[in-house]
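Only one structure is covered here, and it is reproduced in the block below.
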Amino acid sequence: MGIPHRVVYWNVPDHAWMYLPFAILCIVFAYGVWRRWRVWATGRRMPLRPWGPRLRRLLSHAGLQSRVVRRPLQGYAHLALAVAFVLLFIGTVVVALKADFGLPVMQGAFYLWFESATLDAAGLAGIIALAIFLVRRYALRPSALGRELPDFLVPFTLLIILITGFLLQSLRIYATHDPWGAYSFVSYGLSALYAAWHLSTPAALIIHRSLWWFHLLLAFSFLGAIPYSKLFHLFMAPVAILLSDPDGATKLEKLDLEHSERLGANMLTDFTVKDLIDLDACTECGRCEEACPAFASGKPLSPKRLILDLREHAHERPLEPLTAAIKDETLFACTTCRACMEACPVDIEHVPKIVGMRRFRVMEEGEMPTGLAEAVQGIEERGHPFRGAQASRTTWMEGLPIREWQPGEPCETLLWVGCAGAFDPRAQKVARALTQLLLAMGEDLKVLGRRESCTGDPARRAGQEYLYQMQAEENVKTLKDVAPRRIVTMCPHCLHQLRDEYRDFGADFEVVHHSEYLQAALVTGRIKAAAGGRRITYHDPCYLGRYEGVFAAPREVLKAAGGDVVEMAHHGPDSFCCGAGGGWAFREEGVPRVNRLRAKEAVATGAEVVATGCPFCLSMMTDGVKAEGGGEVEDIAEILWTQVAPEVTARG
Amino acid sequence: MRSAVLARLLDLGETPAREAMGLMEALGGEMRSLILASSAQDAVAAVGDVHLGVHPALEDPDPEIAYLAAVRLIGDVPPDLLLLPEGPLFEMIGARLAGHFGMSAVRDVDEVTAESGAIVLRKGAYGGKANVRLRASGGVVAGLRAGAFPAADPQPQTASIEDLGPLAEGGKERRTVRDTSGDDLGRAKVIVSGGRGLGSREGYESLRPFASLLGASLGASRAAVDEGWASPSQQVGITGRKVAPELYLAIGISGASQHLSGMSGSRTVIAVNRDEHAPIFEAADIGLVADWYQIWPHLQKALEG
Amino acid sequence: MRILCFVKAILDPEAPPGAIRFPGKVESGDVSTVLGPFEGNALELALQISEASAGSFTAVAMGDGAQDVALRKALALGAGRAARIDVATGFVDPLGAARRLEAAAKELGGADVYIFGRQAGDWDMGVTAGLFAGLLDLPFVPLVQQAEVAGEGLRLRREIPGGYEESLRTGPIVLSVTNGPRTLMRLPKVKDVMLANRKPIDVLKPAEVGENLTLAEIAQAQVTRQSRMITGDAASQAAQLAAELRRFLVTGGGN
Ligand SMILES: Cc1cc2nc3c(=O)[nH]c(=O)nc-3n(C[C@H](O)[C@H](O)[C@H](O)COP(=O)(O)OP(=O)(O)OC[C@H]3O[C@@H](n4cnc5c(N)ncnc54)[C@H](O)[C@@H]3O)c2cc1C
Ligand code: SF4
Ligand code: SF4
């Protein structure tokens, strides 16, 4: 028997002919890649350093497919298929090494355990995974998955390739009485069947030879089709992951208003290389669509469709303006909640593209939906977006022992109230509760009052970058004058601006959300809460959770306030938007409203109180929960103050 | 002091014209009634010396015709105080006549006094948030706010009739079109008005079934007109219709002073607004702090049932 | 067509009650100064006419530096030139104002169309356009809602009670503009806003004119009713309101 091995290209004497289709494959493949490369190359270059976080992300998201497996069944099936693919690819390369270069690699233990046993296992896993996919797509029919011809052809072809592979192997084992056949356990089992059916050797040889060509041509066709179909994600997904922003693209790009030839994106060339690669990296898995609140509430936006429409545009009308592909109703439906980006297994960045296109529509063409336009005009004219609001910046604090900062004064803790806290009657109550908490902690507290102006976040998300930058510059200047030790804010949008996006404007302040500050104070014992005991569910604001990564602090505060915290179906990074972001807080939605969908989830927990940490969520959830017949909606500061106030009075 | 009232013959029977005459009587001095008519009439009910200027095009005059006619009728020596009821005639020619004769012009006047030889006029400013008194050292054309002055009860008397002769041409291809949407606001007993708070055209349209349940007419704030949900003739306020129905419902209207100025004469005001601090509640008899869309389905059921 | 459009920036007309106070004078507090809404309508019309007649327009304001808000808006929307007649803020006699505008118009070379907003929301006078037309002895069309260039002339639609009037006017003319679907001010493009911020604003010396009207007194106006609030959840609020409305419909209002 000698060293375990097998003959390569057994029974196919004229196998050298395969280099003809192979050459064709190479040309077709190269052309396909070039066709797409042409498009990417027109994109704007973007900075790539530092590489470290990018590579870590690549390992986790592409290598371990950490996001794919969040859906265990199809996730692990996908992982298995991907691993099988890589293994089978290596196996094929090994064959080539032996056949074309005469390297002695197809023998011994490696042959038995890898080339035979492992690859059989991989093939089997692949077949099971494909079966799962087909059953899910065609029997369970989730709406996020397409059912066009290519959606069927891809898994079906793969399935045939794997099955014919097993048939070939088993026929060889059967006809050659391969002494090591049992290591290829699947094929070996099949060959046992042939014995049972008394398959004649000549017949086996003929079947084997024709099947061999069929398998080869099918596999080549499949490979050749890759750059022309969504299979391209095999190659492009890792690239998209590698090029994705290490901070998850939470910060929007600071637009160079002076030197940009065009403000915002209206041609493919206005997108970055990463944006364009994204279009080819999309796997059409539909997870973004499932996560999208705009889609769920029936608005004409699906993040998946958006990417696919842009892809089609890039391939078919690359020189036409993007407005031909994406309508305003779609563009302005997005709440910028980032759920799609969090869900996307290949790190496609939807929001920067959407805002980029909004920038063009708003700044170059003066188009903006009503409601939003007025909010933005409000920021420009009055420094806040609340049209028709009746308060001044200091109305909310009447009667509280707190002062506006005066020039020249040092400032220990600055409470950044935000426009909602100042002008929205409901949020004013939160500002009061928070102030009382901070004062009870003995905090040396100041507010900016008249000097505070909108951070510009609604304008930026709406695409009005110019107004945003003016607001940002003015606010950074004010804050540098004040030079506070720290800034506490009750608005996640302000938090995101002051802590992160303002860095591009020279800001470098210690900024915390009130949930973080209160939690720290509870841990160190600066405040004590009386035992509560209400059942509370917590709604993660998108800009606090997905944007700023604050998930635990607010829950800790609620627990400290004696709350029995129960979770909604969507929570943490998977939280579902309240419907206020991206300027929607100032627009009338029509039905169904996003907040109703979210409120349904909240009410379903049976909680007495729905807690949140954002004034916009508060207002949206209040409306929604009221309509769904639920209980109270309160900010964590209010809930905590209810439990702290008695302690404060008790101490005198 | 020499004062005069300028009015159209057609409008003489109406209260605003009689109020202008009432004010003239109260001020005393030399009084003239200058009446624009499309045909001569023997007896005219007016105050002081009555002059009738006649021109066939004055039936429904173009602004240019009305102006030229008035200039001729006033003659070379204008009065110190020329009074017109606030309304379309003042809008067309009041200020322009003032400019022509080198007088000043004040509109929406609700009080006129003569103090040591000077005329002092009171009017609203800042959208009705303030009241001002203006002292005139020269001649003034004043537009008078309806309902602010006691009406005169003039008896018919013979007027001096002046044929105004040929007047230069006004606008060409002139046509007027009726827009019925705001038609009945002036006479309506019940008005339902919607504002920006309704959020969308469909939102504003939700007031239509409500109004028809109440037999009400539909009004709007300027914001709702600007959004294109309502027509300009439905605008209620300082620069829209001034209305005084028995019942005025303001839905999704914040109650900017400019809006309040147009409806504060309403007998009962009901406001629905999401913002408890909205100033509309200061001007309302009954207030609901509520989202209209939460209220309306229940309300519709209750009213239909 | 050569167009002059007169604009004015005013204290935010939507400022909440009490934010601007009138203790014998105007105390503006921290209320911001914004382009008057009817002036926005006027600018829109000026822009439409200048676009349709392949011309340009000049924007003119009167007041102190605070007026630049209005002029910058005008420049952003496409005004070719902006000029400010430099006078202190405060009440101005409308006849005196019209005379100064007349002098400025002459200095700027005159125009075929003079466009005003219907009424500025500070003193709510609403007479300047008419006075100006009277001084120049030009035809005056008030409350224009729509204008189309038709040959040498303008086809104008003006609001009249219960509808509108349309007519064709040729020759120099003065218009006052009101709000309507066709005069809603468009959003300026950001590029143009950026450019506008760099353009010069000409400062004109005011003509010497006599004063006729003077401000003798200013006081806060009061409009308050005792309101009764209907509370409860939406269903019960609606039920109470329905009862109230039914009672009203039955009694015809006498409460
Ligand atoms: C010279 C001048 C003249 C003017 N003339 C007039 C005039 O004649 N008439 C006029 O109306 N305006 C006039 N204005 C404009 C005026 O200043 C205001 O801009 C306008 O009245 C605001 O309209 P609004 O109340 O509909 O909108 P907003 O002030 O925006 O108010 C909307 C209100 O709706 C509420 N709301 C929101 N959603 C809901 C909901 N779901 N349910 C219930 N409530 C809700 C909000 O709380 C808010 O109070 C004039 C202005 C100027 C300067
Ligand atoms: S950011 Fe949110 S709303 Fe926008 S496309 Fe993504 S999931 Fe949808
Ligand atoms: S964008 Fe991402 S999540 Fe959406 S379909 Fe494509 S791959 Fe899936």
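Since this is a predicted model, take the numbers as computed values, not measurements. Labels below follow one simple rule: chain letters A, B, ... track the order of the sequence lines, proteins then strands, and each chain is numbered from 1.
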Inset, instruction - Answer yes or no: does atom CZ of B:R174 have more than 12 heavy-atom neighbours from other residues, nucleotides or ligands under 6.0 Å? - result: yes
Inset, instruction - Give a yes or no on whether C:E208 atom CD has more than 12 heavy-atom contacts from other residues, nucleotides or ligands under 6.0 Å away. - result: no
Can you tell me which portion of [X] sits under 4.5 Å from chain C's heavy atoms? Options are side chain, backbone, both or neither.
{"X": "B:F90", "value": "side chain"}
{"X": "B:K301", "value": "neither"}
{"X": "B:V190", "value": "side chain"}
{"X": "B:L213", "value": "backbone"}
{"X": "B:Q258", "value": "side chain"}
{"X": "B:I270", "value": "side chain"}
{"X": "B:E227", "value": "neither"}

Supply the atom-to-atom distance [X] [atom1] to [Y] [atom2], rounded to the nearest 0.5 angstrom.
{"X": "C:R158", "Y": "B:E91", "atom1": "CZ", "atom2": "CD", "answer": "9.0 Å"}
{"X": "B:S257", "Y": "C:I20", "atom1": "OG", "atom2": "CD1", "answer": "8.0 Å"}
{"X": "C:N179", "Y": "B:Q235", "atom1": "CG", "atom2": "CD", "answer": "4.0 Å"}
{"X": "B:L288", "Y": "C:S227", "atom1": "CG", "atom2": "OG", "answer": "10.5 Å"}
{"X": "C:I230", "Y": "B:I295", "atom1": "CD1", "atom2": "CD1", "answer": "9.0 Å"}
{"X": "C:E165", "Y": "B:M92", "atom1": "CD", "atom2": "CE", "answer": "8.0 Å"}

Inset, instruction - Go through the steps for C:Q237 and B:H298 under the test side chain to side chain contact (heavy atoms under 4.5 Å, CB included), then give the verdict. - result: CA-CA 9 Å; C:Q237 277 179 314; B:H298 297 290; over 6 Å; no
Under 4.5 Å from any heavy atom of chain B, what part of [X] do you find: side chain, backbone, both or neither?
{"X": "C:A98", "result": "neither"}
{"X": "C:N41", "result": "side chain"}
{"X": "C:Q226", "result": "backbone"}
{"X": "C:E244", "result": "side chain"}
{"X": "C:R99", "result": "side chain"}
{"X": "C:V26", "result": "side chain"}
{"X": "C:Q220", "result": "both"}
{"X": "C:F22", "result": "side chain"}
{"X": "C:L143", "result": "side chain"}

Inset, instruction - Determine which residues belonging to residues 125-138 of chain C lie within contact range of chain B, meaning some heavy atom pair is under 4.5 Å apart, and list them by number or answer 'none'. - result: C:M125, C:G126, C:V127, C:G130, C:L131, C:A133, C:G134, C:L135, C:D137, C:L138
Inset, instruction - Enumerate by number any residue of residues 209-218 of chain C whose heavy atoms lie under 4.5 Å from heavy atoms of chain B; in the absence of such residues, state 'none'. - result: C:E211, C:N212, C:L213, C:T214, C:L215, C:A216, C:E217, C:I218
Inset, instruction - Would you name the heavy atoms of B:A302 and C:A242 that are closest together and state the gap between them? - result: CB-CB, 3.6 Å
Inset, instruction - Determine the minimum heavy-atom distance between C:L184 and B:D226, stating which atoms define it. - result: CD2-O, 3.3 Å
Inset, instruction - Identify which of C:G180, C:A234, C:G232 forms the greatest number of heavy-atom pairs closer than 4.5 Å to chain B. - result: C:A234
Contact check, side chains of [X] and [Y], non-hydrogen atoms, under 4.5 Å:
{"X": "B:P279", "Y": "C:P16", "result": "no"}
{"X": "B:P232", "Y": "C:P181", "result": "yes"}
{"X": "C:F38", "Y": "B:R222", "result": "yes"}
{"X": "B:R96", "Y": "C:V174", "result": "no"}

Legend entry - Ion pair C:E14/B:R196, N-O distance below 4.0 Å: yes
Legend entry - Residues B:K129 and C:D124 bridged, charged N to O under 4.0 Å: no
Inset, instruction - Check the angle between the aromatic planes of B:Y126 and C:W123 and answer parallel, tilted or perpendicular using the 30° and 60° thresholds. - result: perpendicular
Legend entry - C:R169 vs B:D62, side chain to side chain contact (heavy atoms under 4.5 Å, CB included): CA-CA, chis, key distance, verdict: CA-CA 11 Å; C:R169 316 241 165 199; B:D62 174 275; 2.6 Å; yes
Inset, instruction - Quick one: which of B:Q294, B:E276, B:R107 has the most heavy-atom pairs under 4.5 Å with chain C, could you say? - result: B:R107
Legend entry - Top contributor to chain C interface from B:V225, B:D291, B:V106, B:V141 [non-hydrogen pairs under 4.5 Å]: B:V106
Inset, instruction - Output, in order, the C-alpha distance, side-chain angles, deciding distance and verdict of side chain to side chain contact (heavy atoms under 4.5 Å, CB included) for C:Q119 and B:I238. - result: CA-CA 10 Å; C:Q119 177 166 328; B:I238 191 171; 3.9 Å; yes
Legend entry - Evaluation steps, side chain to side chain contact (heavy atoms under 4.5 Å, CB included), between C:T170 and B:K172: CA-CA 9 Å; C:T170 42; B:K172 287 186 272 294; 3.5 Å; yes
